[in-house]
Protein chains: 2
Amino acid sequence: MQGDPLRRFKADIFQALAHPTRIAILEFLGKGELSAGALMEKLGMEQANVSQHLAVLRAKRIVANRKAGNQVFYSVQDPIIGEVLSLMRTYCRARLKETLGMLGETRKAVRVR
Amino acid sequence: MQGDPLRRFKADIFQALAHPTRIAILEFLGKGELSAGALMEKLGMEQANVSQHLAVLRAKRIVANRKAGNQVFYSVQDPIIGEVLSLMRTYCRARLKETLGMLGETRKAVRVR
DNA sequence: TTATTACATGCGAATATTCGAATGTTACAA
DNA sequence: TTGTAACATTCGAATATTCGCATGTAATAA
């Protein structure tokens, strides 16, 4: 039961999505293909670190990479991943609003993207 | 950018979903409320282990628990979680089929729930 | 050829997850 | 009160993630 291959596979994908940086990468890529360097800039993080996170996403085949001369362009393989992230955003925004609301209605202008 | 609260929150929820046992628990609970003991039976796992995974899901408020005398009944808090799992199942089935297909069309009758 | 740009990978320390085994706790029955 | 059933929690060892830092590689420019 625990060794169910499909559930293992799902868990692996969820695991790959379970990091703020990788979520940010996928959100940026959702708007279109980007080079590793462009991602690095947008994220404001070390090159090696971004590359490592991209390696995680590549290993699970969540992103595709295309070499063009000097650069490597990344894109999201399957649009379903975008839908998963979108659903999760809806879910988390509701929960966050709820939690923040609980600790006082006076707490206004809490910006949640 | 990396410290974005919403992305951290999303990552935390994905992390909670990133285990085959917890996915199984949520799939069972998707069909209706179940006691911890009933889950233990359906999963065929140790009581303590199931309880630990339930604790992870509780900590993230993904499941709700209701005490009724001797037992504790669990249920999924928000139906969106079910939708996320459903989307992920669709995604993973497609990927698994594709991957298995790649290593020989002769491999038939590979049952993927 | 040498240098530089754009990425990727290897290594090690810090941190987090997971499981089994033992122990707690709570509700109820005897 | 004593016992038992149903869960929860704690502890420790094994394993996995993550980050910074250093190094490696492939394409192109000088």
Side-chain angles (χ1 to χ4, degrees), chain A residues 1-4 7-26 28-29 33-76, chain B residues 1-4 7-26 28-29 33-76:
Chain A
M1 189 61 70
Q2 204 241 108
D4 184 311
R7 281 183 189 135
R8 278 199 178 286
F9 200 117
K10 288 185 215 167
D12 278 352
I13 302 299
F14 279 131
Q15 174 60 38
L17 300 181
H19 195 285
T21 299
R22 293 196 291 270
I23 291 176
I25 288 174
L26 291 171
F28 282 127
L29 292 183
E33 194 184 54
L34 282 174
S35 71
L39 276 170
M40 187 192 102
E41 251 192 44
K42 282 176 179 288
L43 293 166
M45 296 176 58
E46 292 296 317
Q47 180 268 324
N49 200 344
V50 174
S51 195
Q52 283 174 335
H53 284 296
L54 284 171
V56 172
L57 294 172
R58 244 186 303 125
K60 301 291 165 55
R61 298 179 179 279
I62 295 172
V63 298
N65 56 326
R66 174 177 70 83
K67 287 171 79 170
N70 220 4
Q71 311 174 261
V72 179
F73 288 89
Y74 283 89
S75 56
V76 183
Chain B
M1 190 61 69
Q2 204 242 109
D4 185 311
R7 281 182 187 135
R8 278 199 180 286
F9 200 117
K10 288 184 215 168
D12 278 352
I13 302 300
F14 279 131
Q15 174 60 38
L17 301 180
H19 195 285
T21 299
R22 293 196 291 268
I23 291 176
I25 287 174
L26 291 172
F28 282 127
L29 292 183
E33 194 184 55
L34 282 174
S35 71
L39 275 170
M40 187 193 104
E41 252 193 42
K42 281 175 180 288
L43 293 166
M45 295 175 58
E46 292 297 317
Q47 180 268 324
N49 199 346
V50 174
S51 195
Q52 283 176 336
H53 284 297
L54 284 171
V56 172
L57 295 173
R58 245 186 304 126
K60 302 293 165 54
R61 299 180 178 276
I62 294 172
V63 298
N65 55 328
R66 173 177 72 83
K67 287 171 79 169
N70 222 1
Q71 313 174 259
V72 179
F73 287 90
Y74 282 89
S75 57
V76 183

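Within the 4.5 Å cutoff, the side chain of Leu26(A) has heavy atoms near those of the Val63(A) side chain. Side-chain contact between Glu46(A) and Met40(A): absent, with no pair of heavy atoms (C-beta onward) separated by less than 4.5 Å.
With dG20(C), dT18(D), dC21(D) as the candidates, the nucleotide lying closest to the side chain of Ala48(A) is dC21(D).
Contact annotation: Gln71(B) reaches the phosphate of dC7(D) (side-chain N/O to OP1 or OP2, under 4.0 Å). Within the structure, every side-chain polar atom (N or O) of Asn49(B) is placed at least 4.0 Å from both OP1 and OP2 of dT18(C). Residue Tyr74(B) places no side-chain N or O under 4.0 Å from the OP1 or OP2 atom of dA6(D). The phosphate of dT9(D) (OP1 or OP2) has a side-chain N or O of Arg58(B) nearer than 4.0 angstrom. Taking only side-chain nitrogens and oxygens, His53(B) comes nearer than 4.0 Å to OP1 or OP2 of dC19(C). Between Ser35(A) and dC7(C) there is a side-chain polar atom (N or O) within less than 4.0 angstrom of OP1 or OP2.
Leu39(A) places its CG atom 10 Å from the P atom of dA8(C), with the value rounded to the nearest Å. Put simply, CG on Asp12(A) is 15 Å from C1' on dT18(C), counting in whole angstrom units. The separation between Gln15(B) atom CD and dT15(C) atom C1' is 13 Å, rounded to whole Å. The separation between Glu41(A) atom CD and dA6(C) atom C1' is 13 Å, rounded to whole Å. Counting to the nearest Å, the P atom of dT17(D) and the CG atom of Leu17(A) are 14 Å from each other. One can place NE2 of His19(B) at 15 Å from P of dT15(D), the figure rounded to the nearest angstrom. The distance from atom NZ of Lys67(A) to atom C1' of dA6(C) is 11 Å, rounded to the nearest whole Å. When rounded to the nearest whole Å, the span between CG of Leu43(B) and C1' of dA6(D) equals 16 Å.
Within 3.5 Å, a donor on the side chain of Gln52(B) pairs with an acceptor on the base of dG20(C), or the reverse.
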Under the criterion side-chain contact (heavy atoms from CB on, under 4.5 Å), I'd like the reasoning laid out for Asn49(B) against His53(B): C-alpha separation, chi angles, the key distance, then a yes or no. CA-CA 6 Å; Asn49(B) 199 346; His53(B) 284 297; 3.2 Å; yes

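Nearest heavy atoms, Val50(A) versus Ala36(A): CG1-O, 4.5 Å.
Residue-to-nucleotide proximity on DNA chain C shows that, of Asn70(B) and Val50(A), the 5′-proximal contact is made by Val50(A). Two residues, Val56(A) and Ala68(A), neighbour DNA chain D, and the one matched to the more 5' nucleotide by heavy-atom proximity is Val56(A). Remark on DNA chain D: of its neighbouring residues Gln47(A) and Leu54(B), the 5'-side contact belongs to Leu54(B), judged by nearest-heavy-atom nucleotide.
Looking at Arg22(B), its side chain does come within 3.5 Å of a backbone N or O of Ala16(B) through a donor-acceptor pair.
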